[in-house]
Amino acid sequence: MNERLREAPCGFISIDRNGYITEVNNTFLEWMGFKQENLIGKHFESLLSTGNKLIFHSYFYPNINLHGYVEELFINLRNQNGEAIPYLMNARHVKQDSIEMVDCIFVQMKKRIDYELELRKTKKQMEEAYIEKNIAFAKLEQIYLEIEKKQIELMEINSGLVEISNTDKLTGIPNRRFFQQKLEEQIGCYHKEQKVFSLLIIDIDHFKKINDTYGHHIGDMALIKLANILKSQVRPTDIPARFGGEEFTIILPNTDVEEAITISQNMNQKVAQAEWNEIGSLTISLGAATFTKKDTEESIIENADQALYSSKKMGRNRATHYRDLS
């Protein structure tokens with residue numbers, strides 16, 4: 001690693017194909033409170049909480065393997081004291097001297113805090129100006145305008161952070177982070193009001209063959225079109241999301257077993273009947289599960305995933321409900 005990269009104003013980590021850290025710059029070490037020996041040779045996931053490992057497996061690995069890069073991944077890393085530090089992460093697969101690795105850049109999400117501190121400082125200046133008898137009204141008005149400007153800038157930053165953290169960049173629909181939040185809300189609503197809901201997990205049949213035959217660009221176009229079909233077919237209260245790779249999910253509020261079966265079968269038919277000019281045809285397999293009082297966040301995902309596996313095992317291009325597995 002050259003000296004400029006070692007002291008660059010951003011964090012840098014290089015990991016091998018198995019996820020073990022091979023290089024780290026001084027900037028990242030200083031931010032996180034580590035020394036070189038604390039991280040070199042350690043697995044990158046040692047920096048992640050359980051929740052962020054799910055995001056890493058569902059988004060980072062599929063995109064690195066499929067596209068060779070990851071852009072603007074919002075992720076929390078644990079520092080030397082175990083505290084969660086928010087970062088925006090960019091990564092790219094590189095090959096040097098026949099050795100494959102993934103270079104990762106980290107930018108701290110400190111700008112929002114800096115704006116808040118600047119806003120407080122400006123407000124304090126206004127209070128002092130109000131107390132000071134000799135401060136002119138013009139200065140008060142100028143400070144007020146500065147406060148308004150900072151508030152607008154802060155709102156824009158907050159809005160951008162929410163959009164980055166909740167939206168899948170390729171398809172434009174909600175990502176897995178947003179799905180997890182909404183699933184927790186649905187479970188909370190079920191326990192409070194006994195409102196039944198169902199979950200669909202959708203997987204594109206033979207997606208690897210599409211990429212191998214037509215290229216990743218056409219594969220991306222297929223993902224975008226499928227996302228648009230899902231958005232056009234769901235009800236206003238339904239919540240579609242990209243789960244990771246070629247997998248999608250749909251949360252179906254106020255939907256029992258029979259309704260979930262009907263919706264999933266209709267979705268299956270709509271995708272199969274759509275025009276796929278670039279690739280000729282495309283089908284999906286679906287797995288459905290309906291939440292019960294015995295379920296948890298993990299179990300309903302597992303149940304829908306088992307139903308999806310059954311659909312694939314039975315020949316693909318079909319929908320299966322977990323109820324029908326027993």
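In this structure, the side chain of Asn38 does not engage the main chain of Phe34 through any donor-acceptor pair within 3.5 Å. Between the side chain of Thr27 and the backbone N or O of Pro9 there is no donor-acceptor pair closer than 3.5 Å. In terms of modelled atom types and a separation under 3.5 Å, the side chain of Asn25 and the main chain of Gly11 share no donor-acceptor contact. Panel note: side chain Asp220, backbone Leu170; no donor-acceptor pair is recorded below 3.5 Å. Although no hydrogens or angles enter the test, the distance criterion places a donor-acceptor pair under 3.5 Å between the side chain of Arg78 and the main chain of Ser46.
Separation of atoms CD (Gln180) and CG (Asn166) is listed at 12.0 Å; rounding is to 0.5 Å. Residue Ile85 holds its CD1 atom at 11.5 Å from CG of Leu47, rounded to the nearest 0.5 Å. To the nearest 0.5 angstrom, Glu246 atom CD is 9.0 Å from Ile210 atom CD1.
Considering only heavy atoms from C-beta on, Cys104 comes within 4.5 Å of Met89 through its side chain. Leu88 places a side-chain heavy atom less than 4.5 Å from the side chain of Met109.
For Tyr309, the OH atom is loosely surrounded, since the number of other residues' heavy atoms within 6.0 Å does not exceed 12. The neighbour count for Lys208 NZ, taken as heavy atoms of other residues, nucleotides or ligands under 6.0 Å away, does not exceed 12.
The side-chain contact (heavy atoms from CB on, under 4.5 Å) search around Ile55 returns Asn52, Leu73, Arg177, not counting sequence neighbours. For Tyr322, there are no ring pair (Phe, Tyr, Trp, His ring centres under 6.0 Å) partners two or more places apart in sequence or in a different chain. Here His217 pairs with nothing under the ring pair (Phe, Tyr, Trp, His ring centres under 6.0 Å) rule; sequence neighbours left out. Judged as a side-chain contact (heavy atoms from CB on, under 4.5 Å), and not counting sequence neighbours, the contacts of Gln233 are Ile229, Met267, Lys270. For Gln265, the side-chain contact (heavy atoms from CB on, under 4.5 Å) test picks out Ile261, Ala319, with sequence neighbours left out. Every side-chain contact (heavy atoms from CB on, under 4.5 Å) that Thr22 has, sequence neighbours left out, goes to Ser14, Asp16.
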| Which is it for Leu223 and Ile204 under the side chain to side chain contact (heavy atoms under 4.5 Å, CB included) test, yes or no, and what are the steps along the way? | CA-CA 9 Å; Leu223 290 170; Ile204 299 177; 3.6 Å; yes
| field | Test side chain to side chain contact (heavy atoms under 4.5 Å, CB included) applied to Ile284 and Leu286, step by step | value | CA-CA 7 Å; Ile284 57 174; Leu286 298 93; 3.8 Å; yes
| task | Please step through side chain to side chain contact (heavy atoms under 4.5 Å, CB included) for the pair Glu298 and Glu302, ending with a clear verdict. | result | CA-CA 6 Å; Glu298 292 76 16; Glu302 176 64 24; over 6 Å; no
| task | Could you walk me through whether Thr320 and Ser311 pass the side-chain hydrogen bond (donor to acceptor under 3.5 Å, both in side chains) test, one step at a time? | result | CA-CA 6 Å; Thr320 305; Ser311 291; 2.7 Å; yes
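Residue pairs that meet the salt bridge (Lys or Arg N to Asp or Glu O under 4.0 Å) test with at least one member in residues 41-59, sequence neighbours left out, do not exist here. Contacts classified as side chain to side chain donor-acceptor pair (under 3.5 Å) and involving residues 80-90 (residues at least two apart or in different chains) are given here: Asn79-Glu83. Annotation: ring-ring contact (aromatic ring centres under 6.0 Å, His included) contacts involving residues 4-23, sequence neighbours excluded, comprise Tyr20-His43. Listed by first then second residue, pairs satisfying side chain to side chain donor-acceptor pair (under 3.5 Å) with a partner in residues 2-13 read Glu7-Asn26, not counting sequence neighbours.
Checked for salt-bridge contact, Arg235 and Asp238 meet the test: a charged N lies under 4.0 Å from a carboxylate O. Taking a cutoff of 4.0 Å between a charged side-chain nitrogen and a carboxylate oxygen, Arg323 and Glu258 qualify as a salt bridge. A salt bridge links Asp205 with Lys312: the distance from a Lys NZ or Arg NE/NH1/NH2 to an Asp or Glu carboxylate oxygen falls below 4.0 Å. A salt bridge does not link Lys121 to Glu118: none of the charged nitrogens lies less than 4.0 Å from a carboxylate oxygen.
Counting only N and O atoms by type, the side chains of Thr290 and His321 include a donor and acceptor under 3.5 Å apart.
Using cut-offs of 30° and 60° for the angle between ring planes, the His67 and Tyr69 rings count as tilted.
Taking Ile, Leu, Val, Met, Phe, Trp and Tyr as members and joining any whose side-chain heavy atoms lie under 4.5 Å apart, directly or through other members, the hydrophobic cluster of Met101 also contains Val94, Ile99. Other members of the hydrophobic cluster containing Leu199, listed by chain and number, are Phe178, Phe179, Leu183, Ile187, Tyr190, Phe197, Ile201, Ile239, Phe243, Ile251, Phe291, Ile300, Ile301, Leu308; membership follows side-chain contacts under 4.5 Å among ILVMFWY residues, whether direct or relayed.
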